[in-house]
Amino acid sequence: MPTVQVRLKEARTSGYPVHIEPGLIHRAGKLLRKQFAGCNVFIISNPLVFGLWGRALEASLKGGGFSRPLWHLVKDGERHKSFKEYQKILAALAAWDRGLAAKPLVLLLGGGVLGDLGGFAAATYKRGIPFVQIPTTLLSMVDSSVGGKLGIDFDTPAGRVKNLVGCFAQPEAVLADPQCLATLHPRQLRSGLAELVKTAVLFDAPLFAKLEKNPARLLQADPAFLTPLIAAGVAHKASVVARDEFDRKGLRILLNLGHTFGHAVEAASGFRILHGEAVAFGMACAGDLASSEGLLTRRGEADRARLTVLLEALGFKLRLKGLALPAVLAALGHDKKFEGGARFVLPRALGHCVTHSMKKLAPAQAVLSARLR
Ligand code: NAD
Ligand code: MG
């Protein structure tokens, strides 16, 4: 089974394994027994994922000798990555924890919304109890379950702000079962593929070549085919996290390739456009801006065309109609990375990206407007 070790220097643990293996959910109990035998298990999930994979996980825990877990289900959707649901989880944890002699263990079964929210609750309850991420979307496997960023969206007087409240806390382990992707909505699978393409553009031209070889196959949710690709994505994320655990050294900012433009269209669409769809669009914009800023190498210009071909083959729309241009341009200006000047992550060629500071926003706005017509 591919296992990526996340190595840490600053956290209270020296690191944790990310296991990626088809059918892993059925073996989770045995795997967890080694480290957590005798623990009381509290599982956070949502009704959809619980219905699809809850029984398999519960049977596997039973096989691993765990006593019956307590399930806490959160309503599905980003809307519920909220303070209200966070409070409800804490209340349920407190009620469950009362008088239990055994050590607690929290399992997070679901996508990125669930992992961020439930992980934040586990990391802050009694200043932190152990938790394990069991990501069930492609995005959460390659991105959100690794790296220890947790949190919720929060209502401010100016409206709801994504990921405004949260913390860093690393899981004890991540168990990713690519078989779980079989039940994922194709649009969600594709959305996750955008983050994988992003990783390849950032760090790994050979990975990009693998992705472009058979885009149709990527969309089939074939676990054996996806497993090594997910492992490659996780390895890159783990490497960045190991070097910049708390996002203080400016390395993790690279992971925002395509996100500055992406966030702008995502927000302006009222989140009708999925995150990965927005990131795919954003990467196309980043390519345009890199070109107009003269950053692309000679090979980079050809690479930019390859990126377009791959993203279109995956079904991403790289020109978007029907969004209000002023709203998108305003959203671009609001992006937090613009405080004290505009900073973009831009490609020079496949596998080589840089942060690029710009005094003015106009060139970026020009690139964006051109793709919104
Ligand atoms: P999500 O968690 O909303 O999942 C998408 C949909 O798929 C949901 O309806 C979910 O119930 C459903 N689903 C999950 N697993 C399924 C399965 N196996 N079969 C069928 N349906 C399934 O969305 P996401 O894309 O996984 O995560 C997005 C969230 O991740 C955002 O809140 C974002 O802020 C966060 N995120 C966090 C980090 C981080 O570092 N912590 C990084 C990237 C994104
Ligand atoms: Mg992202």
Side-chain angles (χ1 to χ4, degrees), residues 6 25 44-54 56-57 73-82 85 108-120 123 133-154 160-171 174 176-199 202 221 223 226 233-234 237-238 240-241 244-247 252-263 266-267 271 273-283 345:
V6 183
I25 200 160
I44 310 176
S45 190
N46 72 35
L48 176 66
V49 179
F50 172 73
L52 293 164
W53 298 101
L57 180 59
L73 301 186
V74 178
K75 280 187 207 136
D76 194 5
E78 180 77 31
R79 216 154 52 82
H80 302 290
K81 196 172 127 178
S82 64
E85 293 302 324
L108 305 164
L109 178 71
V113 164
L114 207 283
D116 280 15
L117 165 72
F120 182 50
Q133 296 270 11
I134 308 182
T136 58
T137 64
L138 183 57
L139 180 133
S140 57
M141 290 182 193
V142 298
D143 195 352
S144 63
S145 66
V146 178
K149 281 192 183 180
L150 306 166
I152 54 173
D153 306 337
F154 196 79
R160 185 166 279 210
V161 181
K162 235 177 103 85
N163 300 325
L164 185 68
V165 176
C167 66
F168 281 96
Q170 304 292 341
V174 181
D177 182 349
Q179 261 178 17
C180 291
L181 302 175
T183 56
L184 193 61
H185 193 286
R187 207 179 148 199
Q188 293 287 355
L189 181 75
R190 187 176 58 202
S191 185
L193 284 170
E195 296 284 1
L196 199 55
V197 172
K198 179 198 79 178
T199 304
L202 280 171
L226 288 177
V234 168
K237 172 114 195 221
V240 175
V241 168
D244 189 10
E245 197 179 325
F246 295 107
D247 207 355
R252 276 176 95 149
I253 196 177
L254 277 180
L255 301 173
N256 279 323
L257 172 66
H259 280 58
T260 305
F261 291 108
H263 285 152
E266 196 181 2
F271 294 89
I273 298 176
L274 295 181
H275 180 69
E277 294 168 346
V279 169
F281 173 83
M283 284 193 284
V345 180

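When a ligand or atom number is given, it counts from 1 through the structure's own listing order. A quick note: this is a predicted structure, and the numbers were derived from the prediction, not measured.
Contacts between L48 and ligand 1, counted as non-hydrogen atom pairs separated by less than 4.0 Å, involve the side chain only. Residue E195 does not touch ligand 1, judged by heavy-atom distances below 4.0 Å. Contacts between N46 and ligand 1 below 4.0 angstrom, taking non-hydrogen atoms only, involve the side chain exclusively. Residue Q188 touches ligand 1 through its side chain alone, judged by heavy-atom distances below 4.0 Å. At a heavy-atom distance under 4.0 Å, only side-chain atoms of L139, from C-beta outward, approach ligand 1. Counting heavy atoms under 4.0 Å from ligand 1, residue K81 touches it through the side chain alone. Of the heavy atoms in V113, both backbone and side-chain atoms come closer than 4.0 Å to ligand 1. Contacts with ligand 1 closer than 4.0 Å are made by side-chain heavy atoms of N163 only, the backbone lying farther away. With a 4.0 Å cut-off on non-hydrogen atoms, L52 touches ligand 1 through its side chain and not its backbone.
Taking CE from M283 and NZ from K198, the interatomic distance works out to 8.0 Å, rounded to the nearest 0.5 Å. If you take CG on D143 and CD on E195, they are separated by 4.5 Å, rounding to the nearest 0.5 Å. Taking CG from L150 and CD1 from I152, the interatomic distance works out to 11.0 Å, rounded to the nearest 0.5 Å. From S145, atom OG reaches atom CG of L114 across 12.0 Å, with rounding to the nearest 0.5 Å. Distance OG1/T183 to CD/Q188: 11.0 Å, rounded to 0.5 Å. The NZ atom of K149 sits 7.5 Å away from atom CG of L255, with the distance rounded to the nearest 0.5 Å.
Protein heavy atom nearest atom 4 (O) of ligand 1, with residue, atom name and distance: T137 CG2, 3.6 Å. Of the protein's heavy atoms, D116 OD2, 3.1 Å lies nearest to atom 37 (C) of ligand 1.
Ligand 1 places these atoms under 4.0 Å from at least one heavy atom of K237: 40 (O). Of all the atoms in ligand 1, the ones that sit under 4.0 Å from a non-hydrogen atom of K149 are 39 (C), 40 (O), 41 (N). Within ligand 1, the atoms closer than 4.0 Å to a non-hydrogen atom of C180 are 17 (C), 18 (N), numbered from 1 in the order shown. Near E78, with a cut-off below 4.0 Å to any heavy atom, the atoms of ligand 1 are 31 (C), 32 (O). Taking a cut-off of under 4.0 Å to the non-hydrogen atoms of D76, the atoms of ligand 1 that pass are 8 (C), 9 (O), 10 (C), 11 (O).
Considering both main-chain and side-chain atoms, K162 comes within under 3.5 Å of ligand 1 through a nitrogen or oxygen pair. For ligand 1, the polar-atom distance check against S140 finds no nitrogen or oxygen pair separated by under 3.5 Å. The distance criterion of under 3.5 Å between nitrogen or oxygen atoms is met by T136 with respect to ligand 1. The distance criterion of under 3.5 Å between nitrogen or oxygen atoms is not met by L181 with respect to ligand 1.
By the 6.0 Å contact criterion, CZ on R79 is open, its count of non-hydrogen atoms from other residues, nucleotides or ligands being 12 or less.
Using a distance-only test at 3.5 Å, with no hydrogens or angles considered, no donor-acceptor pair links the side chain of D76 to the main chain of N46.
Any protein N/O/S atom under 2.8 Å from the Mg ion (ligand 2) was counted, giving 3 altogether.
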Per-pair distances, 0.1 Å, donor-acceptor, side chain in residues 162-169, under 3.5 Å, sequence neighbours excluded:
unit_1	atom_1	unit_2	atom_2	d
K162	NZ	E78	OE2	3.4
N163	OD1	K81	NZ	2.7

Begin with the C-alpha distance, continue with both residues' side-chain angles, and end with the deciding distance and a verdict on side chain to side chain contact (heavy atoms under 4.5 Å, CB included) for L226 and L181.
CA-CA 10 Å; L226 288 177; L181 302 175; 3.9 Å; yes
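For R160, the salt bridge (Lys or Arg N to Asp or Glu O under 4.0 Å) criterion is met by D155, not counting sequence neighbours. With sequence neighbours left out, the ring-ring contact (aromatic ring centres under 6.0 Å, His included) criterion links F154 to F83.
Proximity of V146 to V6: side-chain heavy atoms (C-beta onward) are separated by under 4.5 Å at one or more points.
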